[in-house]
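Worksheet: one structure, shown below.
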Amino acid sequence: MWKITTAHKVEGEDNPIYLEVSEESDGTQRLFDIIPGLMDLIDGEKVFIIDELDRSLHPHLTRNILELFLKGKNNRSQLIVTTHEASLLNLDLLRRDEIWFIEKDRNGKSSAYSLEDFTPRKDKDIRKGYLLGRYGSIPFLSTDIALEWKGQHVETEI
């Protein structure tokens, strides 16, 4: 039976400390989850879907993962991800037709549409426009949110 561990060097010590994957940070565990699928993409014609690619990962690492895939030799594979990482909304990284938004209406119905529908110029800051609500897909909260906290009912307006 195999046991995967990670080795951590300790300053002033000759021998590393070994940790089981379950003892690692959420981000490191997340990498162990997605790296095998990403390696499969490089080796063949595959489709790999990752929900919330950015979950528990630093924004730079998330971008590096996308860049690694996009610069790969095999352009016959496809990577489909969802993310809340607005810094990935960059036309130097992705084309307009590769960026899609999902917007939920007040009844919970989701609609998908492409950035291509807006035809922004190549020099536009897509991230900034998105955060300003220019492309929709911004979450909205009800004006009356009921919070239950330690048995107390709290009403608040946002």
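We count residues from 1, following the sequence as given. Because the structure is a prediction, the values reported are computed rather than measured.
The side-chain heavy atoms of Ile65 and Leu31, taken from C-beta on, include a pair separated by under 4.5 Å. With a 4.5 Å cut-off on side-chain heavy atoms, Val21 and Thr28 do not count as touching. Side chains of Arg30 and Ile50 form a contact here, defined as non-hydrogen atoms less than 4.5 Å apart. Side chains of Leu66 and Leu88 form a contact here, defined as non-hydrogen atoms less than 4.5 Å apart.
With values rounded to the nearest 0.5 angstrom, Glu116 atom CD is found 10.0 Å from Ile99 atom CD1. Taken from CD in Glu103 to CD1 in Ile138, the straight-line distance is 8.5 Å, to the nearest 0.5 Å. To the nearest 0.5 Å, atom CD of residue Glu20 and atom NZ of residue Lys3 are 4.0 Å apart. Atoms CD1 and CG, from Ile35 and Asp40 in turn, are 12.5 Å apart once rounded to the nearest 0.5 Å. Interatomic distance, Leu79 CG to Leu70 CG, rounded to the nearest 0.5 Å: 7.5 Å. Atoms CZ and CG, on Arg55 and Asp33 in that order, are 7.0 Å from each other to the nearest 0.5 Å.
Leu38 and Phe32 are not part of a single hydrophobic cluster, where members link through side-chain heavy atoms under 4.5 Å apart. Under the 4.5 Å side-chain contact rule for hydrophobic residues, Ile49 and Leu57 do not share a cluster. Val10 and Tyr18 end up in different hydrophobic clusters when Ile, Leu, Val, Met, Phe, Trp and Tyr side chains are linked at under 4.5 Å. Trp100 and Leu53 fall into different hydrophobic clusters, where Ile, Leu, Val, Met, Phe, Trp and Tyr side chains are chained together by heavy-atom contacts under 4.5 Å. Both Leu131 and Ile126 belong to a single network of hydrophobic side chains, linked directly or stepwise wherever heavy atoms of I, L, V, M, F, W or Y lie under 4.5 Å apart.
Dense packing is recorded around NZ of Lys122, with more than 12 heavy atoms of other residues, nucleotides or ligands lying under 6.0 Å away. More than 12 heavy atoms of other shown residues, nucleotides or ligands fall within 6.0 angstrom of atom CG in Asp123. Taking a 6.0 Å sphere around CD1 of Ile4, one finds it holds 12 or fewer heavy atoms contributed by other residues, nucleotides or ligands.
Minimum interatomic distance between Ser137 and Tyr130 (heavy atoms only, all atoms of both residues): O-OH, 3.3 Å. Counting all heavy atoms, side chain and backbone alike, Leu91 lies closest to Arg121 at CD1-O, 3.6 Å. Closest approach of Gln78 and Leu41 over heavy atoms only: O-CD2, 3.6 Å. For the pair Ser56 and Asp26, the tightest heavy-atom approach, listed with the atom from each and the gap, is OG-CB, 3.5 Å. Closest heavy-atom contact between Ile102 and Ser110: CG2-CB, 3.9 Å. Nearest approach of Arg63 to Asn90, heavy atoms of both residues: NH1-ND2, 3.7 Å.
With hydrogens and angles disregarded, a donor-acceptor distance shorter than 3.5 Å links the side chain of Gln29 to the backbone of Glu24. Not a single donor-acceptor pair under 3.5 Å links the side chain of Glu13 to the backbone N or O of Asn15. Under the 3.5 Å distance criterion, the side-chain polar atoms of Arg96 are matched with a main-chain donor or acceptor of Pro120.
Checked against the 6.0 Å centroid threshold, Phe69 and Phe48 do not count as a close aromatic pair.
Judged as a side chain to side chain donor-acceptor pair (under 3.5 Å), and not counting sequence neighbours, the contacts of Thr82 are Asp51.
Side-chain atoms of Thr62 and Asp54 include no donor-acceptor pair closer than 3.5 Å.
Ring pair Phe101/Tyr113 is tilted by interplanar angle, where 30° to 60° counts as tilted.
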